[in-house]
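In what follows, every heavy atom counts, from backbone to side chain, and hydrogens, waters and symmetry copies are set aside.
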Amino acid sequence: MEEFKRKWEEWYGDMLPNYQWCELDYNGRQVLYVCGTAMIDSDGRGLASNLLQVIGYMDTEMTVEEEVQREIAELLKGQHGIENISFWSE
């Protein structure tokens, strides 16, 4: 998982200047996710958008199954107040 974090930071770290890695305990398994603020330059105006991306389970590095994504999204919306939640897909 550390290798994945390093690659993710290389790909997206410059677009999310304020991000943090977090974990959620879900049914006895740890789910890794990243949350932060994306900076977008539109016509010379800087816009910011809060986002949260669920990466996958810490123990297998596998993506979260579709049938539980809705539950996890609702939990994270309640914890962070962020509506824009995406799930990493390989």
Side-chain angles (χ1 to χ4, degrees):
M1 195 54 81
E2 292 304 315
E3 177 68 16
F4 176 85
K5 285 182 181 180
R6 187 185 62 70
K7 287 182 180 179
W8 189 96
E9 289 169 349
E10 286 176 10
W11 298 328
Y12 304 111
D14 60 337
M15 292 185 286
L16 295 167
N18 299 314
Y19 69 89
Q20 63 183 23
W21 292 102
C22 305
E23 295 177 21
L24 169 72
D25 183 31
Y26 178 78
N27 288 340
R29 296 176 76 188
Q30 293 301 109
V31 175
L32 177 68
Y33 65 97
V34 62
C35 61
T37 303
M39 302 304 291
I40 303 163
D41 185 12
S42 175
D43 297 330
R45 298 182 325 205
L47 303 172
S49 176
N50 293 327
L51 63 86
L52 189 148
Q53 184 175 51
V54 177
I55 303 302
Y57 295 110
M58 293 288 293
D59 58 351
T60 60
E61 297 185 37
M62 297 182 68
T63 57
V64 175
E65 303 87 2
E66 280 188 50
E67 56 270 7
V68 297
Q69 286 183 5
R70 189 177 4 236
E71 285 182 42
I72 290 175
E74 289 302 316
L75 288 170
L76 293 173
K77 283 179 189 177
Q79 287 182 7
H80 293 277
I82 296 174
E83 292 293 320
N84 186 14
I85 296 177
S86 63
F87 287 81
W88 183 265
S89 60
E90 297 179 295

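The existence of a salt bridge linking Lys5 and Glu9 is excluded, since no basic side-chain nitrogen approaches an acidic carboxylate oxygen closer than 4.0 Å. A salt bridge links Glu3 with Arg6; the closest basic N to acidic carboxylate O contact falls under 4.0 Å.
Evaluation of the side chain to side chain donor-acceptor pair (under 3.5 Å) rule for Gln20 yields no partner, not counting sequence neighbours. Partners of Phe87 under the ring-ring contact (aromatic ring centres under 6.0 Å, His included) rule, at least two apart in sequence or in another chain, do not exist in this structure.
Minimum heavy-atom separation, Gln79 to Leu24: NE2-CD1, 3.5 Å. The two atoms that bring Gly56 and Val64 nearest to each other are CA-CG2, 4.0 Å, heavy atoms only. Residues Tyr33 and Glu23 share a closest heavy-atom pair of CE2-C, 3.8 Å. Annotation for Asn84 and Ser49: closest pair ND2-OG, 4.3 Å, computed over non-hydrogen atoms. Ile82 approaches Lys77 most closely through the heavy-atom pair O-CG, 3.2 Å.
No side-chain donor-acceptor contact under 3.5 Å links Gln30 to the backbone of Asp59.
To the nearest 0.5 Å, the span separating CG on Asn18 from SG on Cys35 amounts to 10.5 Å. The OG1 atom of Thr37 sits 7.5 Å away from the CG atom of Leu51 when rounded to the nearest 0.5 Å.
A side-chain contact (heavy atoms from CB on, under 4.5 Å) with Val54 holds for exactly one of Val34, Leu32, Leu76, Thr63; it is Leu76.
Contact annotation: the side chain of Arg29 never approaches that of Met58 to less than 4.5 Å [non-hydrogen atoms, C-beta and beyond].
With no hydrogens or angles considered, a side-chain donor-acceptor pair links Glu71 and Tyr26 at under 3.5 Å.
Classified by interplanar angle (parallel below 30°, tilted 30° to 60°, perpendicular above 60°), the ring pair Tyr19/Trp21 is perpendicular.
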